[in-house]
Student: 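The structure is given below, and queries will be raised subsequently.
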Amino acid sequence: MKTVIVRPERCVGCLQCRLACAVEHSQSKDLVAALGEAWRPVARIAVYPGGRHLSFPNKCRHCDPAPCEAVCIAGAIRRNPARGTTDIDPVRCINCGMCAMACLFGVLTFAPTPQAPERRAVALKCDHCPDRQAQGRPPACVEACKVGALNYGEPAAEMAAKGRFLAQAFFAASQGASESPVPDSIRLWRQLG
Amino acid sequence: MTYVIIGTSAAGLAGAETLRRLDPKARITLISDESHLPYSRPLLTYLLGRETTREKLFLRSLDYFREWGFETLLGTPVTRVDPGAHEVHLADGRALPYDRLLIASGAKPRLPPIPGLELSGVFTLRHLADVERLERHLAHARRVAVVGAGAVGLKAADALAHRGLAVDLLARGAQPLSKVLDQVSARLLMEAIARLGISLHLNSWPTAVVGNGGRVTAMALNDGRELPTDAVLFSVGVAPRVEFLAGTTLAAPEGIPVDEHLQTGDPDIFAAGDCVLPRHLLTGAPAAFHIWPAAVAQGEVAGANLAGAARRYDGILPMNSISLRGCRIITGGHLTPDTPEGEIFEELDATTGRFKRLVFDQGRLVGATLVGEVRHAGIYFRLIANRTPVKDLPVDPRSPHFHPGRLWARPLPGAA
Ligand SMILES: Cc1cc2nc3c(=O)[nH]c(=O)nc-3n(C[C@H](O)[C@H](O)[C@H](O)COP(=O)(O)OP(=O)(O)OC[C@H]3O[C@@H](n4cnc5c(N)ncnc54)[C@H](O)[C@@H]3O)c2cc1C
C-alpha cells in the first residue's frame with residue numbers, strides 16, 4: 001500500500017507542502033479562490049524547526065491499529081483498508097478532542113470544514129488526498145515538495161532501497177571515500193548558517 | 001466453551017470481539033438490560049445538545065450481532081450470578097449456564113440522600129432512555145439546574161445551554177472538576193462557562209428538591225438560598241453496577257476487585273470497564289476512573305483472557321478531554337507530585353488563554369494539562385505512561401521547543 005514517506009533529513013522548511021495541503025483541502029482547490037472561501041483552508045501537515053537547520057514535516061502516520069480510532073467516542077475514525085488510511089468522518093466527529101489525547105504524533109488540528117458545515121469545528125488531519133488518488137495523482141504535499149522530503153511510495157520498497165543505499169555508503173566510507181546522504185544543494189544550504 | 005457477557009457497551013463489546021477473534025467457534029451470549037443496539041454513551045450529552053442525531057449514536061450496524069455470531073439477550077436484566085453453579089439468572093426466571101463469564105455492567109449515577117428525588121423533573125443521565133425522558137420534560141421547561149460540575153455535568157450544562165435553556169450549574173467545591181484540574185485551568189474553564197451564559201454556583205449543593213403538585217419548582221441549597229428551576233439533572237458521580245453480585249464475595253463498593261489479568265476472585269469470572277476497580281498505571285494503587293477508552297482497553301484484555309490468553313492490563317492512566325464550546329482542555333496523570341521532590345511547571349499565555357502545566361516527580365513527567373492548544377497531549381501522555389526519564393529526552397518538556405521537530409528530527413552526522 002502506498003503511503004507518504006517522510007525523509008526529514010531532506011526537508012528545508014520551505015512550507016510549500018502546507019500551502020499545497022491547505023489548497024487541496026479547500027472547496028475550490030485553487031490558491032486564489034481558496035483565500036476568499038468561507039471556511040479558511042487548513043493544512044494538515046505541520047513543519048517544525050528541528051534545530052541546526054533541520055526541519056521536520058509532521059503528519060498523520062495512518063497507524064494500524066490507530067490509537068485515535070480506539071478512543072473515538074463518536075465512531076468517526078475508521079480504518080480504510082482499501083486505501084491504507086485511517087480516516088476521520090467529519091460528519092460524525094463531535095469535536096470532543098479525545099483523538100488528540102491519544103495521538104502519539106501530535107498531528108490533529110481542530111477547525112471548521114465545509115464537509116461538515118453545521119459544526120463549529122471538527123478534528124482534521126492528513127487523508128492522503130482521496131480526490132487526487134482517484135485521479136491517480138500523488139498527495140498534494142508530495143507533489144509540492146521539491147527536495148524529496150515527502151515521497152509517495154511503498155514503504156517496503158523504500159526501506160529496501162534505503163538499505164541498499166546505506167550499505168553502499170558504508171562500503172564507500174570504509175574505502176576512504178566520503179559520501180553525504182543528503183544532496184549537495186541541501187548540504188550547501190545548511191552550511192549557510 | 002460457552003461464554004456469557006453481561007453488558008453490551010464499551011467493555012462488553014470489546015471483550016466479545018476479542019474473544020471471537022481468538023475463539024471463532026465459541027458460543028458467546030451477550031446480555032443487556034437495555035434493548036437498543038449498542039450505542040456510544042459519551043454521545044448522550046451531544047444528543048441532548050442536538051449536536052448529533054439519534055442514528056449517529058449507534059456504533060454498530062443492524063447486522064452486527066449476526067455478523068460476529070453473538071447470541072443476544074437484549075432488554076433482559078441479570079438478577080443474580082451463581083459462581084458455584086456457573087449460572088447467570090435473568091429477570092424472566094431463566095438461568096443461563098456459562099463456562100466463563102465477563103462482567104461489563106458499567107456504573108450507575110449516584111444520587112444524594114436528600115428529600116424530593118421522587119418529584120417529576122429529577123433526572124440522571126446514563127442511558128439513552130434517560131435522554132428520551134429528559135426530552136419529554138424539557139418540552140415544558142425553561143430553567144434547568146445541573147448538580148455536579150464533573151466531566152458529565154459540564155458537558156450536560158453546555159448541551160442544555162446550547163438548546164437555549166437557562167442553566168444553573170452547581171459545583172460542590174471552589175471550582176469545577178476539582179479532582180482533576182488545577183486553579184489556573186479551572187479559572188480559564190470558568191471564564192468559558194460564563195461566556196456560554198451558564199450560571200455557575202461554587203461551594204453549592206442542594207439540601208432538598210422542592211416541588212409543587214408533584215413537579216420540581218426549586219432546589220433548596222446549603223447556603224439557605226432557594227434556586228427556582230423546572231428540572232434538576234444530577235451528575236454527582238457513579239457507583240459500580242454490581243447489585244446482581246449480592247450474595248457472592250466478588251463485589252466491593254468502589255468496584256469489582258480484579259488482578260492484573262482482570263480476573264475476579266473467581267477464576268472463571270473476569271470483569272472490565274466502569275464496574276471494576278483497576279490499578280493506577282503509575283502508582284499501582286486501586287484507582288477508579290471512568291472513561292470510554294479505558295473500558296475498551298480493559299474489555300480487550302478481559303476478552304483475550306476469557307479465551308485463556310493470560311494478557312496483562314497495565315493499569316489505568318486517568319485522563320480526559322473537556323471540550324466545551326470555546327474551551328478545550330486535555331488533562332491527565334497526577335494533579336500534584338507524589339513526593340516532596342516533585343515539581344510543577346506552569347506557563348500561561350494570558351493573551352491567547354493558552355496554558356501548559358506539567359507535573360514532574362523523581363525525574364519523570366507524571367502529569368500534564370493543556371488548555372487551548374492541545375494537539376501534543378498524546379505525546380506527553382506517552383512519556384508519562386512509559387515513565388521516560390526527562391534526562392533521556394532530546395528536549396526538556398518545559399521548553400517552548402518541545403515539539404515533534406526537536407523530538408524526532410535528528411541531525412545527521414556530518415550534515416551540520
Ligand atoms: C453522559 C456521559 C458522558 C460521557 N462522556 C465521556 C467522554 O466524553 N469520554 C469518555 O471517555 N467517557 C465518557 N463517559 C464515560 C463512559 O461512557 C463510560 O466510561 C463507559 O460507557 C463505560 O463502559 P462500560 O462498558 O464499562 O459500561 P456501560 O457503558 O455503563 O455499559 C454497561 C451496560 O451493562 C448494562 N447492565 C448493567 N447491569 C446490568 C444487569 N444487571 N443486567 C443486564 N444488563 C446490565 C447497562 O445497562 C449498560 O448497557 C461518559 C458517560 C456518560 C454517562
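Since the model is a prediction, treat every value here as computed from it, not as a measurement. Chain identifiers are assigned alphabetically (A, B, ...) following the order of the sequence lines, protein sequences preceding nucleic acid strands; residue numbering begins at 1 within each chain.
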Student: Does atom CZ (B:Arg20) have a neighbourhood of more than 12 heavy atoms from anything else shown, all under 6.0 Å?
Tutor: yes

Student: In residues 326-335 of chain B, which residues are in contact with chain A at a heavy-atom separation under 4.5 Å?
Tutor: B:Arg328, B:Ile330

Student: Side chain, backbone, both or neither: which part of A:Asn95 has a non-hydrogen atom closer than 4.5 Å to chain B?
Tutor: both

Student: Other residues, nucleotides and ligands only: do more than 12 of their heavy atoms fall within 6.0 Å of CZ on A:Arg120?
Tutor: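 Yes, the 6.0 Å shell around CZ holds more than 12 heavy atoms from other groups.
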
Student: Between B:Pro404, B:Ser323, B:Pro293, which residue shows the highest count of heavy-atom pairs closer than 4.5 Å to chain A?
Tutor: B:Pro404

Student: If every non-hydrogen atom of B:Ser321 is compared with every non-hydrogen atom of A:Met98, which pair is closest and at what distance?
Tutor: OG-N, 3.9 Å

Student: Using residues 74-84 of chain A as the side-chain source, report each donor-acceptor pair under 3.5 Å to any protein atom, sequence neighbours left out, with the distance given to one decimal.
Tutor:
unit_1  : atom_1 : unit_2   : atom_2 : d
A:Arg78 : NH2    : A:Gly75  : O      : 3.4
A:Arg79 : NH1    : A:His62  : O      : 3.0
A:Arg79 : NH1    : A:Cys63  : O      : 3.3
A:Arg79 : NH1    : A:Thr86  : OG1    : 2.8
A:Arg79 : NH2    : A:Gly84  : O      : 3.2
A:Asn80 : OD1    : A:Ala82  : N      : 3.1
A:Asn80 : OD1    : A:Arg83  : N      : 3.2
A:Arg83 : NE     : A:Gln133 : OE1    : 2.6
A:Arg83 : NH1    : A:Asp127 : O      : 3.3
A:Arg83 : NH2    : A:Asp127 : O      : 2.9
A:Arg83 : NH2    : A:His128 : O      : 3.1
A:Arg83 : NH2    : A:Gln133 : OE1    : 3.4

Student: Check A:Arg119 against B:Thr52 and note the closest heavy-atom contact, atom names and distance.
Tutor: NH2-CA, 4.4 Å

Student: Please state whether the side chain, the backbone, both or neither of B:Phe58 comes within less than 4.5 Å of a heavy atom of chain A.
Tutor: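 When you check distances to chain A, only backbone atoms of B:Phe58 fall under 4.5 Å.
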
Student: Would you mind checking which part of A:Ile94 comes under 4.5 Å of any heavy atom in chain B, side chain (CB onward), backbone (N, CA, C, O), both or neither?
Tutor: both

Student: Can you say whether B:Arg325 sits under 4.5 Å from chain A via the side chain, the backbone, both, or neither, judging by heavy atoms?
Tutor: both

Student: Would you list the pairs meeting ring-ring contact (aromatic ring centres under 6.0 Å, His included) in which at least one residue belongs to residues 97-127 of chain A, sequence neighbours left out?
Tutor: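 Only A:Phe105-B:Trp408 qualify under ring-ring contact (aromatic ring centres under 6.0 Å, His included).
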
Student: Could you tell me which portion of A:Arg92 (side chain, backbone, both or neither) has an atom closer than 4.5 angstrom to a non-hydrogen atom of chain B?
Tutor: both

Student: State, with a plain yes or no, whether a side-chain heavy atom of B:Lys155 is found less than 4.5 Å away from one of A:Cys96.
Tutor: no

Student: Work out which heavy atom in B:Ile379 is nearest to a heavy atom in A:Leu104; give both atom names and the distance.
Tutor: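 Taking B:Ile379 first and A:Leu104 second, the nearest heavy atoms are CG1-O, 3.3 Å.
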
Student: Heavy-atom distance under 4.5 Å between the side chains of A:Val91 and B:Lys56, does that happen here?
Tutor: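 The answer is yes, as the side chains (C-beta and beyond) meet within the 4.5 Å cut-off.
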
Student: Atom NE2 of B:His403 and atom CZ of A:Phe56: how far apart are they, to the nearest 0.5 Å?
Tutor: 10.5 Å

Student: Sequence neighbours excluded, which residues qualify as salt bridge (charged side-chain N to carboxylate O under 4.0 Å, His left out) partners of B:Arg375?
Tutor: B:Glu373

Student: Please determine whether ring pair (Phe, Tyr, Trp, His ring centres under 6.0 Å) holds for the pair A:Tyr48 and B:His376, giving the CA-CA distance in whole Å, both sets of side-chain angles, and the decisive distance to 0.1 Å.
Tutor: CA-CA 13 Å; A:Tyr48 292 92; B:His376 295 150; 5.7 Å; yes

Student: Please report the interatomic distance CD(A:Glu118) to CD(B:Glu51), rounded to the nearest 0.5 Å.
Tutor: 10.0 Å

Student: Please find the pair of heavy atoms, one from A:Ile73 and one from B:Leu43, that lie closest to each other, and give the distance.
Tutor: O-CG, 3.7 Å

Student: Less than 4.5 Å apart, any side-chain heavy atom of B:Phe381 and any of A:Met101?
Tutor: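 The answer is yes; the side chains approach within 4.5 Å.
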
